[in-house]
Each structure stands twice: as C-alpha cells, then as structure tokens.
Amino acid sequence: MTGEEYKTALHGILEYQVVPLLCERNAGYGSGNLLEDGHLGIGLRMKDKCARIMQLSRGDDTGAAIEDAYLDLIGYAINGLLILQGKLR
C-alpha cells in the first residue's frame, strides 16, 4: 500500500465510520459520562475494549465484533484528546 493509498484508507475510515459513530453516540449519551471520570475512566474503558479484542481473537468471531471494538477504541482515544485539549465539555 502506497502512502497515498494509506491516507485514502484512513480518511475513509474516519469520515464514514468514526465520525458518524462518535456523533451518534455523543447525541445519545452526551459527554457527561466521559467528563465525570476523565482520563482514568477513558483508560479503563479502553482496557476493557482491548480485553474484548483479545477474547474475540481467540474464538471464531467473524470480525464484526472486533471491528466494533477497534472503532470504540478510536472513539475513546479521540474523546480523550478532546478532553485534554479542553474541547469536550
């Protein structure tokens, strides 16, 4: 994969999967639950998702649940950055 192909693939994942998912979840849950526990809470949620990926990768998962867990990890990382930058209130 060339650098440009990689960039295009990243853009597609962010634009068509990550951004819509985060907007949907923020509309449904708000940001209070993330702000309440801050980085510690986000870190714990990310740890749970990593454990989930490890568990699923040992079984016969079709990949959809693993993909969901990776998207959740990306979402937590982005929200953590937004909190760190003072943009999520």
Side-chain angles (χ1 to χ4, degrees):
M1 177 180 278
T2 67
E4 193 59 35
E5 290 169 330
Y6 184 75
K7 184 178 177 180
T8 300
L10 286 175
H11 184 267
I13 290 170
L14 290 171
E15 182 176 1
Y16 298 111
Q17 291 182 275
V18 175
V19 171
L21 178 66
L22 290 178
C23 289
E24 176 187 320
R25 293 211 174 140
N26 186 264
Y29 301 117
S31 55
N33 60 334
L34 295 174
L35 293 169
E36 185 176 323
D37 296 322
H39 297 291
L40 178 60
I42 289 174
L44 290 172
R45 289 177 177 97
M46 292 177 81
K47 182 180 175 186
D48 288 343
K49 290 299 172 180
C50 289
R52 178 87 173 128
I53 290 168
M54 292 170 56
Q55 176 204 10
L56 290 168
S57 66
R58 291 187 187 107
D60 296 327
D61 187 79
T62 60
I66 293 174
E67 181 176 342
D68 288 345
Y70 277 127
L71 289 170
D72 287 339
L73 278 172
I74 293 167
Y76 286 131
I78 290 172
N79 279 312
L81 288 172
L82 290 173
I83 290 171
L84 189 65
Q85 296 170 2
K87 296 176 182 175
L88 189 64
R89 297 182 186 101

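In what follows, residues are counted from 1 in the order of the sequence shown.
- Looking at Asn26, its side chain never comes within 3.5 Å of a backbone N or O of Leu22 through a donor-acceptor pair.
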Q: Go through the steps for Leu81 and Leu88 under the test side chain to side chain contact (heavy atoms under 4.5 Å, CB included), then give the verdict.
A: CA-CA 9 Å; Leu81 288 172; Leu88 189 64; over 6 Å; no

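- For the pair Tyr29 and Leu34, the minimum side-chain heavy-atom distance is 4.5 Å or more.
- Atom OG of Ser31 sits about 9.5 Å away from atom CG of Leu82, to the nearest 0.5 Å.
- A donor-acceptor pair is defined here as one N or O able to donate and one able to accept, closer than 3.5 Å; such a pair exists between the side chain of Glu5 and the backbone of Thr2.
- One distance of note links CD1 of Ile78 with CG of Leu21; it measures 9.5 Å at 0.5 Å rounding.
- Under a hydrophobic clustering in which Ile, Leu, Val, Met, Phe, Trp and Tyr are joined whenever their side-chain heavy atoms come within less than 4.5 Å, directly or via other members, Leu35 and Leu40 fall into different clusters.
- Separating the OG atom in Ser57 from the CD1 atom in Ile66 is a distance of 5.5 Å, to the nearest 0.5 Å.
- The two residues Ala65 and Arg52 make their nearest non-hydrogen contact at CB-NH2, 4.5 Å.
- Leu14 and Tyr70 fall within a single hydrophobic cluster, where Ile, Leu, Val, Met, Phe, Trp and Tyr are joined by side-chain heavy atoms under 4.5 Å apart, directly or via other members.
- Between Ile42 and Asp37, every side-chain heavy-atom pair lies at or beyond the 4.5 Å cut-off.
- Distance check: Leu44 CG to His39 NE2 gives 13.0 Å after rounding to the nearest 0.5 Å.
- Ion pairing between a basic and an acidic side chain is recognised when a charged N comes within 4.0 Å of a carboxylate O; Asp68 and Lys49 show no such pairing.
- Side-chain heavy atoms closer than 4.5 Å link hydrophobic residues (I, L, V, M, F, W, Y) into clusters, and following such links, possibly through other members, connects Ile13 to Ile53.
- Rounded to the nearest 0.5 Å, atoms OH (Tyr76) and CG (Leu71) are 12.0 Å apart.
- Looking at heavy atoms from C-beta onward, Asp72 lies out of side-chain contact with Glu67 at the 4.5 angstrom threshold.
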